[in-house]
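Everything on this sheet refers to the single structure shown next.
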Amino acid sequence: MAAEIHPKPLTRKPVLLNKVEGSQDVVNMAVIVPKEDGLISVSEDRTVRVWMKRDSGQFWPSIYHAMPAPCCCMCFNPETRRLTVGLDNGTISEFILSEDYNKMNPGKTYLAHQSRVTMVLFVLEMEWLLSTGQDKLFTWHCSETGERLGNYRTAACASCLQFDVETKHAFVGDQSGQVTILKLEQDNCSLITTFKGHTAGVTALCWDPVQRLLFSGSSDHSIIIWDIGGRKGTALELQGHNDKVQSISYAHHTRQLISCSADGSIVVWNMDVERQETPEWLDSDSCQKCDQPFFWNFKQMWDHKKIGLRQHHCRKCGKAVCGKCSSKRSTIPLMGFEFEVRVCDSCHESITDEQRAPTATFHDSKHNIIHVHFDATRVWLLTSGSDKVIKLWDMTPVVS
């Protein structure tokens with residue numbers, strides 16, 4: 001009888017549209033110019049470049065502008081064509097791009113920080129320029145007058161920033177692993193609260209004003225979803241990276257989260273599922289399954305003449321268990337665990353195949369990503385990296 005041939009299922013993955021090279025050092029940030037075949041990048045090589053697509057299909061610089069210090073970050077407002085660039089020396093420089101993107105006219109310069117600027121945001125509705133720096137300061141300026149309106153000192157070096165126009169709340173992530181929420185007024189700010197969930201520095205923030213969700217990525221390889229709109233203090237974890245989370249972006253129309261890490265992986269998370277909070281880890285002096293004492297429980301060890309065991313925790317129920325009672329591993333995607341984690345034997349039996357179905361897809365960009373920018377209109381993703389390369393991806397196969 002002839003052998004039956006089963007075709008392999010097609011793997012849906014991002015399509016590389018273009019690879020842009022030419023920077024002499026790390027490309028810290030790059031963005032797609034809306035409604036144009038253009039990109040803007042800033043680099044450690046002290047340059048701001050505007051790349052326009054030529055008839056050959058390749059991107060070539062239409063603007064090459066040298067800055068007095070390495071360029072760390074930027075913000076581009078397409079309505080006003082205002083480009084704001086944060087520098088390593090603490091200053092922020094403003095430019096207005098011409099309609100054909102062939103010329104860059106200098107505007108104001110802000111002496112915003114004492115050291116490297118880590119993030120800048122221009123808020124057109126308020127005419128505010130927000131920024132964070134390694135000097136542990138969050139500052140905001142009036143973009144009309146150039147006047148500093150106020151500042152706030154963070155617990156550690158401020159690393160990332162988001163802003164909600166409706167409530168005038170600023171979200172500031174820092175290297176201590178904390179997210180600070182501030183209420184801004186014209187000339188002062190008030191502390192609303194702080195979120196503490198990461199075990200290492202916060203490296204990326206993304207705000208969804210529709211569902212009022214804040215996404216934070218960290219050097220601890222995790223992403224936390226803070227449900228601010230729900231007002232219940234819900235925080236959901238996503239564990240799908242093997243390296244520092246560098247940048248995150250949210251696709252509102254499909255309810256998918258795109259995250260990238262330093263090892264070049266791109267993860268697309270389905271956020272249109274009912275996710276569950278991870279349990280708090282319980283404290284116990286003995287295994288909560290077999291009652292064997294843990295190694296610090298000298299009294300029970302002596303009374304029962306037993307050797308103390310090492311303590312572990314089940315990632316599904318949170319109970320303190322010994323190695324024998326937690327010998328199994330499983331993915332728990334609805335709790336954010338896309339990789340196999342330790343679970344107790346009873347929880348392993350309770351997890352169904354349906355509950356193990358992945359809620360994320362994983363892709364290798366083959367370059368060291370620092371920042372991503374997502375264009376929802378064209379479903380394009382722009383990645384920039386420490387390998388001096390910019391890559392433009394068509395995400396249609398995976399973001400739909």
Side-chain angles (χ1 to χ4, degrees), residues 6 8-9 11-12 197-200 213 215-218 220-227 230 232-243 245 255-257 259 261 263 265 267-301 303-363 398:
H6 295 281
K8 290 184 179 179
T11 303
R12 301 172 70 191
H198 291 289
T199 57
L213 298 174
F215 304 92
S216 62
S218 169
D220 64 11
H221 308 176
S222 74
I223 297 167
I224 297 180
I225 309 160
W226 308 92
D227 185 2
K232 294 180 181 178
T234 306
L236 305 171
E237 288 186 47
L238 301 177
Q239 300 279 357
H241 286 283
N242 290 313
D243 207 336
V245 178
R255 293 188 66 180
Q256 288 171 293
L257 183 72
S259 60
S261 54
D263 60 4
S265 67
V267 183
V268 180
W269 306 84
N270 178 13
M271 300 309 300
D272 199 19
V273 294
E274 191 170 340
R275 295 188 176 273
Q276 303 165 12
E277 279 192 282
T278 52
E280 291 286 338
W281 284 5
L282 302 177
D283 292 324
S284 179
D285 291 329
S286 57
C287 175
Q288 293 180 301
K289 293 292 182 179
C290 68
D291 204 37
Q292 283 275 91
F294 293 133
F295 64 83
W296 60 85
N297 189 351
F298 298 117
K299 184 178 186 305
Q300 190 174 344
M301 288 164 59
D303 291 344
H304 297 277
K305 303 296 186 288
K306 290 182 177 179
I307 297 174
L309 303 176
R310 183 182 172 190
Q311 177 183 258
H312 301 281
H313 283 92
C314 172
R315 300 308 192 268
K316 190 172 190 299
C317 67
K319 288 183 177 178
V321 289
C322 66
K324 186 178 179 181
C325 293
S326 59
S327 60
K328 305 287 191 352
R329 302 289 184 275
S330 176
T331 60
I332 321 174
L334 294 180
M335 281 188 170
F337 297 114
E338 292 290 336
F339 302 146
E340 289 192 340
V341 290
R342 182 185 294 272
V343 291
C344 66
D345 294 351
S346 56
C347 281
H348 187 271
E349 291 176 8
S350 71
I351 303 171
T352 64
D353 290 341
E354 185 179 351
Q355 291 172 331
R356 289 189 177 94
T359 62
T361 58
F362 301 83
H363 315 279
V398 292

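Computed from heavy atoms alone, side chains included, the values below leave out hydrogens, waters and symmetry copies. What you are looking at is a predicted structure, and each value in this text was computed from that prediction instead of being measured.
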Once the angle between the rings of Trp269 and Phe362 is folded into 0 to 90°, is it parallel (under 30°), tilted (30 to 60°) or perpendicular (over 60°)? perpendicular
Can you tell me how far NE2 of His313 sits from CG of Leu282, rounded to the nearest 0.5 angstrom? 6.5 Å
OG/Ser330 to CZ/Phe337 distance, rounded to the nearest 0.5 angstrom? 11.0 Å
Verdict with reasoning, Arg315 to Arg342, per side-chain contact (heavy atoms from CB on, under 4.5 Å): CA-CA 6 Å; Arg315 300 308 192 268; Arg342 182 185 294 272; 4.2 Å; yes
Decide yes or no for His198 and Ser222: does some side-chain heavy atom of the first lie under 4.5 Å from some side-chain heavy atom of the second? yes
Is the count of non-hydrogen atoms from other residues, nucleotides or ligands lying under 6.0 Å from Asp272 atom CG greater than 12? yes
Using side-chain heavy atoms (C-beta onward) and a distance below 4.5 Å, is Lys319 in contact with Cys344? no
Interatomic distance, NZ@Lys328 vs SG@Cys314, rounded to 0.5 Å, equals 12.0 Å
Can you see which heavy atom on Arg12 is nearest to which on Val398, and at what distance? O-CG1, 3.5 Å
Is there a donor-acceptor pair closer than 3.5 Å between any side-chain N or O of Ser218 and the backbone N or O of Ala200? yes
Quick one: side-chain contact (heavy atoms from CB on, under 4.5 Å) partners of Glu237, sequence neighbours excluded? Ile224, Gln239, Thr278
Is a side-chain donor or acceptor of Arg275 paired with a backbone partner of Pro333 at a separation under 3.5 angstrom? yes
For Phe215 and Met271 the tightest heavy-atom approach is CE2-CE, 4.1 Å
Flag side-chain contact, heavy atom, 4.5 Å: Pro279 against Met335: yes
Do Asp227 and Leu213 come within less than 4.5 Å of each other through their side chains, counting heavy atoms only? yes
Donor-acceptor pair, distance only, cut-off 3.5 Å: does the side chain of Arg356 make one with the backbone of Ile351? yes
Quick one, Lys316 and Ser350 - any side-chain contact, counting heavy atoms below 4.5 Å? yes
Just verifying a value: how many Å separate Cys322 SG and His312 NE2, rounded to the nearest 0.5 Å? 8.0 Å
Using a 4.5 Å cut-off on heavy atoms from C-beta on, say whether the side chain of Ser265 contacts that of His241. yes
Determine whether a donor-acceptor pair (N or O, by modelled atom type, separation under 3.5 Å) exists between the side chain of Glu277 and the backbone of Ala235. yes
Hey, what do you get for CG (Leu236) to CD (Glu274), rounding to the nearest 0.5 Å? 10.0 Å
Kindly determine whether Asp291 and Ser286 satisfy side-chain hydrogen bond (donor to acceptor under 3.5 Å, both in side chains), including the steps that lead there. CA-CA 5 Å; Asp291 204 37; Ser286 57; 3.2 Å; yes
What heavy-atom pair brings Glu338 and Ala360 nearest, and what distance separates the two atoms? OE2-N, 3.6 Å
Should Val267 and Ile223 count as side-chain neighbours, where that means a heavy-atom distance under 4.5 Å? no
Audit row: Cys290, Lys324, side-chain contact (heavy atoms from CB on, under 4.5 Å) steps and yes/no: CA-CA 9 Å; Cys290 68; Lys324 186 178 179 181; over 6 Å; no
Can any side-chain N or O of Gln288 pair as donor or acceptor with the backbone N or O of Ala320 at less than 3.5 Å? yes
Between NE2 of His221 and OG of Ser259, what distance do you get to the nearest 0.5 Å? 12.5 Å
Go through the structure and list residues passing side-chain contact (heavy atoms from CB on, under 4.5 Å) with Ser327, not counting sequence neighbours. Asp345
